[in-house]
Amino acid sequence: MQHCGPRLPRSFFDREVDVVARDLLGRVISNACDGGPVAVRLTEVEAYAGQDDPASHAFRGPTPRTTVMFGPPGHLYTYFVYGMHWCANIVAGPDGSASAVLLRAGEVVGGLEQARLRRPRITGDHQLARGPAGLASVLGFDRSTNGADLCVPAGDLAALDGAPPLPGAVRIGPRVGVAVGAEMLQRFWIDGDPTVSAFRAWTQRRRTRP
DNA sequence: ATTAGGATCTTCT
DNA sequence: GAAGATCCTAATG
């Protein structure tokens, strides 16, 4: 499999975050680290608009965790959630805007065997990268890939051109699982694609301990 | 088909 | 100390 083909230029990511998010649909992202290569065609993404967005990790200013978000676009921002999952974003917008696109779902189009090994409980290949944690898992995105530069032709990580979705095939709606800023229509997905995750509105989580 | 709950731990308040 | 950009299984209608 060709996993280090043409990369998107920095200018691709240096636009309004929702424009970048929309334009990432149908593109292929790949990673060859640690046993790869695995490639995923993106079918669902969400935009987070930096310090203007109450749902963004960057809303309250820079912290150790969000350092990468405040840097130049085109880098990977990974974070750990709920004590067990990693999720991956691509930093977008001008340098310092702290915006990012959460990669929510996609179709595995390369390295299927490796992807299956990384998600042994999944039955049905279109579920392998359905949901942000599953997508990150399949691609091997974790702490070790935080800050990786998608625009530099070194290493094993690449954002490749893919077939763009047909006109009218992109749908827009509220983001999944966000408590604040829920009214913002910043989720983009390819209509009818079986790999798109199920929408779940935010609900109060029960306390795990008395 | 839909919902409820548990697992598990980092991050910032 | 509390909440969180989730996933999976089990129970229920």
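All heavy atoms count here, side chains included; hydrogens, waters and symmetry mates do not. Just so we're clear, the structure is a prediction, and the values are computed from it rather than from any experiment.
- The OH atom of A:Tyr79 sits 14 Å away from the C1' atom of C:dA3 (whole-angstrom rounding).
- Considering CZ of A:Phe70 and CG of A:Asp95, their distance stands at 11.5 Å, rounded to 0.5 Å.
- Distances were taken from every side-chain heavy atom of A:Trp202 (C-beta onward) to each of C:dA5, C:dG4, B:dC12; the shortest belongs to C:dG4.
- For A:Ser56, the side-chain atoms get nearest to C:dA5 when compared with the rest of C:dC7, C:dA5, B:dT8.
- What separates CZ of A:Arg65 from P of C:dG4 is a distance of 12 Å, to the nearest Å.
- Under a 4.0 Å N-O distance rule, the pair A:Asp193/A:Arg171 does not qualify as a salt bridge.
- The nearest whole Å value for the distance from the OH atom in A:Tyr82 to the C1' atom in C:dC8 is 14 Å.
- Residue A:His57 has its side chain nearest to C:dA5 when only B:dA7, C:dG4, C:dA5 are considered.
- Heavy atoms of A:Ala55 sit under 4.0 angstrom from at least one base atom.
- Taking all atoms of both residues into account, the shortest heavy-atom contact from A:Cys87 to A:Ala136 is CA-CB, 4.1 Å.
- Formation of a donor-acceptor pair under 3.5 Å by the A:Arg175 side chain with backbone atoms of A:Gly181 is found in this model.
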Taking only Watson-Crick and G-U wobble pairs with both distances under 3.5 Å, what dot-bracket line describes DNA chain C, where [ ] shows pairs that cross earlier ones and | shows pairs with another strand?
||||.|||||||.
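- Judged purely by distance below 3.5 Å, without hydrogens or angles, the side chains of A:Glu44 and A:Ser197 pair a donor atom with an acceptor atom.
- A straight line from CD of A:Glu44 to P of C:dT6 spans 10 Å, rounded to a whole angstrom.
- Contact between A:Val176 and A:Arg187 at its shortest, heavy atoms only, is CG2-NE, 3.6 Å.
- In this entry the distance linking CZ of A:Arg119 with C1' of C:dC7 reads 8 Å, nearest Å.
- For A:Thr63, taking side-chain heavy atoms from C-beta onward, the closest of the listed nucleotides B:dA7, B:dT11, C:dT6 is B:dT11.
- As judged by a 4.0 angstrom heavy-atom cut-off over every strand, A:Arg104 is placed among residues touching the sugar-phosphate backbone only.
- Between A:Gln204 atom CD and C:dG4 atom C1' there is a gap of 11 Å when expressed in whole angstrom units.
- Each of B:dT10, B:dA7, C:dT6 was ranked by its minimum atom distance to the side chain of A:Val81; first place goes to C:dT6.
- For the pair A:Leu102 and A:Arg121, nearest-nucleotide mapping onto DNA chain C gives the more 5' position to A:Leu102.
- Atom C1' of nucleotide C:dT6 and atom CD1 of A:Ile122 are separated by 12 Å, given to the nearest angstrom.
- In this model, a donor atom of one side chain and an acceptor atom of the other lie less than 3.5 Å apart for A:Thr43 and A:Thr195.
- In this structure, OH of A:Tyr48 is placed 12 Å from P of C:dG4, rounded to the nearest angstrom.
- Nearest nucleotide to the side chain of A:Phe80, out of C:dT6, B:dT10, B:dC12: B:dT10.
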